[in-house]
Amino acid sequence: MAYSDKVIDHYENPRNVGKMDEADENVGTGMVGAPACGDVMRLQIQVSDDGIIEDAKFKTYGCGSAIASSSLLTEWVKGRNLDEAAAIKNTEIAQELSLPPVKIHCSVLAEDAIKAAVKNYRDKRDS
Amino acid sequence: MNAPVTVQTPIYLDYLSTTPVDPRVVEAMKQCLSTEGIFGNPASRSHVFGWKAEEAVENARNQVAEMINADPREIVWTSGATESDNLAIKGVAHFYHKKGKHIVTSKIEHKAVLDTCRQLEREGYEVTYLDPNENGLTTPEMVQDALRDDTILVSIMHANNEIGVVNDVAGIGEACRNAGVLLHVDAAQGAGKVPLDMEHMKIDLLSMSAHKMYGPKGIGALYVRRKPRVRLEAQMHGGGHERGMRSGTLATHQLVGFGEAARIAREGMSAEAERLAALRHRFWAAIEDMPEVYINGDREQRLPGALNVSFAFVEGESLIMSLRDLAISSGSACTSASLEPSYVLRALGLNDEMAHSSLRFSFGRFTTEAEVDHAAQCVRHAVEKLRELSPLWDMYQDGVDLNTIEWATH
Ligand SMILES: Cc1ncc(COP(=O)(O)O)c(C=O)c1O
């Protein structure tokens, strides 16, 4: 299958690969997917006291499109506030990366990951 | 120090999928593809063009028969192993339906066998699908235990196309013959690579395909035993070619190519097997020290040039994407809409994750040591890179048991 240039670029030079301390109260972690389905994404955001995402890291087990979707997402969320980040739609990711129909689920997973990370951060803060 | 050997990429390591046509085979085929050459219809009895074509076809029949130590009259030409499987299974089922309607096969057969069996189920036949053992082998004992009074046919493959393991088809033949049940063997992957001997093995029907053994695509054969005689109901009706079992004008150039491929395979079989096994061992030796890397299928009972490997914590499709220098295939069908891991690996007891993380490497006649070395290096590099990206690898290194996590399956 042919991948778009953008997918290949993110796949070969993934941005913001890494891991943050899950226990840190400024960090929100979203882990979505399942090994059995062939993709797992872990997206982490570091949030400033005024609610801006200062940094983002990811690790992804999955196909090239899943890796690219999560890599792109980390670029997009940096500098946004939590509501803006949680409002990112999978269709925007799919469009940016020119994902074929069979790979749309990768962008859905990325959307789920940022929503889960934001929720995790807020839950931590609320408790 | 030796000068670095440069290899041309991409490197073809997908010989189980298909093989390039051997140049000697191309030469033989060319003789049938010109106006001066052997272009006649082998069924034309009234002139020399037909006689020459018939002679070429019968020569090819001898060559294919010789490869499996059979009588040439036991060879029926088909368009490939898919057709051979269909003809053998449906042909026997339809001919012997009054004797019984039960068929035994295994869960890891090629789709050409499985889907044919499914069709027969729709027609009212009953099929038992055996689970192979964890090494991917279906044993004579398993077959024996599945036989019933109304069993008419057993269909078990010789070599498996995904994991490369080779079944004891001689032993399975004994079990079937003792019980008076016919045995069909899909030998698309094994024929020409591993010795097969129809005089001594109690196999009644055997499917072969030229393009898996350096012959052209679109041609194959079904061996049909004469003593004791096996009867088939034809699936393709017409001019009564191939003793009524398969009508249609014979494709002289294809058959001549298949015959030449069979001759080359038979003559070089043991030397080639030895060379390919050495390449396989060389490849494995270069990657086996990596953590959490496993061979799928029996380590000994296998095709000399085939290896299926799971690389835990990395996903097969992304691995293939990293391995652009290599032409290989993945155990997961992530590109299909279903996202289903290989049914063969699942039947071996691999969990979905390990099935998704597997690659099939198959070496062949034109594979060199330098290519194998380069391939192993690429694989190491890619696996290391992807593990750095993998949250599962992180968790594994932190000592987290992935089975204890509740994943949200989607
Ligand atoms: C075990 C097995 N059976 C049958 C087939 C089908 O063979 P053909 O391509 O000649 O129809 C193949 C090849 O894909 C195979 O590997």
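Nothing here was measured: the structure is a model prediction, and the numbers come from that model.
- Between A:Pro35 and B:Glu353, the shortest heavy-atom contact is CB-CG, 3.6 Å.
- In A:Glu54, the CD atom is crowded: over 12 heavy atoms of neighbouring residues, nucleotides or ligands sit closer than 6.0 Å.
- The shortest side-chain heavy-atom distance between A:Met31 and B:Trp407 falls under the 4.5 Å cut-off.
- Atom OG of residue A:Ser65 and atom CE of residue B:Met321 lie 7.0 Å apart, to the nearest 0.5 angstrom.
- For CD of B:Glu134, the number of neighbouring non-hydrogen atoms (other residues, nucleotides, ligands) closer than 6.0 Å is 12 at most.
- Counting non-hydrogen atoms of neighbouring residues, nucleotides and ligands closer than 6.0 angstrom, the NZ atom of A:Lys119 reaches no more than 12 such neighbours.
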Quiz item: Should B:Asp398 and A:Lys19 be marked as a side-chain contact (heavy atoms from CB on, under 4.5 Å) after you check the CA-CA gap, both sets of side-chain angles, and the distance that decides it?
Solution: CA-CA 12 Å; B:Asp398 291 345; A:Lys19 190 178 168 188; 2.8 Å; yes
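- Considering OG of A:Ser70 and CG of B:Leu389, their distance stands at 8.5 Å, rounded to 0.5 Å.
- Remark: B:Gln8 CD is loosely packed, at most 12 non-hydrogen atoms of other residues, nucleotides or ligands lying under 6.0 Å away.
- A:Phe58 touches chain B through its side chain: at least one heavy atom from C-beta onward sits under 4.5 Å away, while N, CA, C and O do not.
- In this structure, chain A has no heavy atom under 4.5 Å from any part of B:Arg346.
- Summarising the geometry, atom OH belonging to A:Tyr61 is positioned 8.0 Å from atom OG belonging to B:Ser318; distances are rounded to the nearest 0.5 Å.
- At a threshold of 4.0 Å, the pair B:Lys385-A:Glu12 does not count as salt-bridged, since none of the basic side-chain nitrogens sits closer than that to a carboxylate oxygen.
- A distance of 5.5 Å separates CZ in B:Arg324 from CD1 in A:Ile8, rounded to the nearest 0.5 Å.
- B:Asp394 contributes atom CG, which lies 4.5 Å from atom CZ of A:Arg42 (distance to the nearest 0.5 angstrom).
- Taken from OG1 in A:Thr60 to CG in B:Leu386, the straight-line distance is 11.0 Å, to the nearest 0.5 Å.
- Side-chain contact between B:Met395 and A:Val40: absent, with no pair of heavy atoms (C-beta onward) separated by less than 4.5 Å.
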